[in-house]
Protein chains: 2
Amino acid sequence: MPDPAPDPAIAFHAHDHAHCCGGLIAEAEAIAASRSVRLTPVRRRVLEILLEEHRALGAYDVLERLARDGFGNQPPVAYRALDFLVDQGLAHRVARLNAFMACTHPGHSHTPAVLICRLCRTVAEAPGSRVRAAIDAEAETAGFAVERTTVEVLGLCPACREGAR
Amino acid sequence: MPDPAPDPAIAFHAHDHAHCCGGLIAEAEAIAASRSVRLTPVRRRVLEILLEEHRALGAYDVLERLARDGFGNQPPVAYRALDFLVDQGLAHRVARLNAFMACTHPGHSHTPAVLICRLCRTVAEAPGSRVRAAIDAEAETAGFAVERTTVEVLGLCPACREGAR
DNA sequence: CGTCTGAACGTTATGCTATAACATACGCCA
DNA sequence: TGGCGTATGTTATAGCATAACGTTCAGACG
Ligand SMILES: [Zn+2]
Ligand SMILES: [Zn+2]
Ligand SMILES: [Zn+2]
Ligand SMILES: [Zn+2]
């Protein structure tokens, strides 16, 4: 199958975005089926909304777009769908922004480092395993048992970095 | 001088807490003086409140305690003091908790890894430099220019880990 | 089929987190 | 002493998140 190791930070590069979204929706369908959980219309639409741009959206932004499409327009509608996607690893919560982003590498259980461009607001995922190893080492020293990690990085993406010079 | 490298995760160990707080207040005074910024009564009291326990407090928890002491009891009073402390590196924001903690190693410019016990809510700082190096390496690969990092770890502190067995 | 059941969804209401905007007080220095 | 910048007090509002309850719907089972 023609799906080699994808660029982790694909969000930062020009790419066939329609293909990127379509593929991720298809992956989500497959994952949901394999786990016997339901990617219902609301959940699917929320994932599509998150995928539309490589940016993190607040729950109320998502809600507004949902309402336009005729879904319920009360906060729990958005939060429940977002919680589902996060639980299934199809989206990530960005604590620094109180916002949510679609996962670009679902399936692999991972805790990515989230790269957030402070100028264009683009958000990408970098591999988290090396960072996680460093965290585990420090935690070990402190006698702390790691369960979940949050690694978020604010800075400039390649494009904005170029523009800022 | 009798001040050897302090235990980074002192919060997780039994210690002379009055001495620990007093020392940190004194350090804060010195830092403020050296930078010609003012550790005013509100700011100082907020730092004391954060130091009372090694836990992260929400702005409204801080505010409630401030009000008891006769300071203003509107949100901006707490937020302004907290922002000052964070700017000066005397406190840290914990994004995962929407809360604030006193810094236990002020002065050293640092971005610690914050260790949060999910049972007792104790919060400690682990050295962030190795984690930061790992982040820099991943960011380099993605062409991303790192400016600020958030590293927060949820898990069990040594005591709760023992109790949970 | 018909009915039961649990998951998902819609809706109301409320609570927590954070900041904008403006007024007042105070210390410092020309 | 007058002006200025910093800090504080206060009002109002914006933004984020969840509790609680009723309704709908798909699938399981007899
Ligand atoms: Zn991901
Ligand atoms: Zn950018
Ligand atoms: Zn610190
Ligand atoms: Zn604990």
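Atoms considered below: every heavy atom in the structure, side chains included; atoms not considered: hydrogens, waters and symmetry mates. Sequence lines set the chain letters: A, B, ... in the order given, protein chains first and strands last, and positions in each chain run from 1.
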Atom-to-atom span, [atom1] of [X] to [atom2] of [N] - whole angstrom:
X	N	atom1	atom2	answer
B/Asp87	D/dA7	CG	C1'	14 Å
B/Asp83	C/dA20	CG	C1'	14 Å
B/Leu63	D/dT8	CG	C1'	13 Å
B/Arg44	D/dA7	CZ	P	17 Å
B/Tyr79	D/dT13	OH	C1'	14 Å
B/Leu66	D/dT8	CG	P	11 Å
A/Asp61	D/dG15	CG	P	10 Å

Distances for protein N/O vs nucleotides 5-12 of chain C N/O pairs under 3.5 angstrom?
| from | atom 1 | to | atom 2 | distance (Å) |
| --- | --- | --- | --- | --- |
| C/dA8 | OP1 | A/Arg43 | NH1 | 3.3 |
| C/dA8 | O5' | A/Arg43 | NH2 | 3.2 |
| C/dC9 | OP1 | A/Thr40 | OG1 | 2.4 |
| C/dG10 | N7 | A/Arg80 | NH2 | 2.5 |
| C/dG10 | O6 | A/Arg80 | NH1 | 3.2 |

Item to complete: Name every residue in residues 90-101 of chain A that has at least one heavy atom under 4.0 Å from any atom of DNA chain C, in order of residue number, or write none if there are no such residues.
Response: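 When residues 90-101 of chain A is checked for heavy atoms under 4.0 Å from DNA chain C, there are no hits whatsoever.
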Fill in: N/O donor-acceptor pair under 3.5 Å between B/Arg35 side chain and B/Gln88 backbone
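Yes; at least one donor-acceptor contact below 3.5 Å.
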Discussion item. Using a 3.5 Å distance criterion without hydrogens, assess whether the side chain of A/Arg96 forms a donor-acceptor pair with backbone atoms of A/Leu154.
Written reply: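 Side chain of A/Arg96 to backbone of A/Leu154: no pair is present.
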Worksheet item: Of A/His13, A/His19, A/His17, which meets side-chain hydrogen bond (donor to acceptor under 3.5 Å, both in side chains) against A/His15?
Response: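 It is A/His17; the other options fail the test.
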[X] and [Y]: which non-hydrogen atoms are nearest, and at how many Å?
X	Y	value
B/Glu152	B/Ala95	OE2-N, 2.8 Å
A/Ala91	A/Leu50	CB-CD1, 4.0 Å
B/Phe144	A/Cys117	CE1-N, 4.0 Å

Worksheet item: Do A/Tyr60 side-chain and D/dA17 base share a donor-acceptor contact under 3.5 Å?
Response: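 When only heavy-atom distances are counted, A/Tyr60 does reach the base of D/dA17 through a donor-acceptor pair under 3.5 Å.
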Worksheet item: In terms of the angle between their ring planes, are B/His92 and B/His110 parallel, tilted or perpendicular, with boundaries placed at 30° and 60°?
Response: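 Ring orientation, 0 to 90° scale: tilted.
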Discussion item. Salt bridge check, A/Arg132 against A/Asp136: does any charged N sit closer than 4.0 Å to a carboxylate O?
Written reply: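 Judged by the 4.0 Å cut-off on N to carboxylate O distance, A/Asp136 and A/Arg132 do form a salt bridge.
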Discussion item. Taking the side chain as everything from C-beta on, heavy atoms only, tell me whether A/Val123 gets closer than 4.5 Å to A/Leu115.
Written reply: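 No, every pair of side-chain atoms sits at 4.5 Å or beyond.
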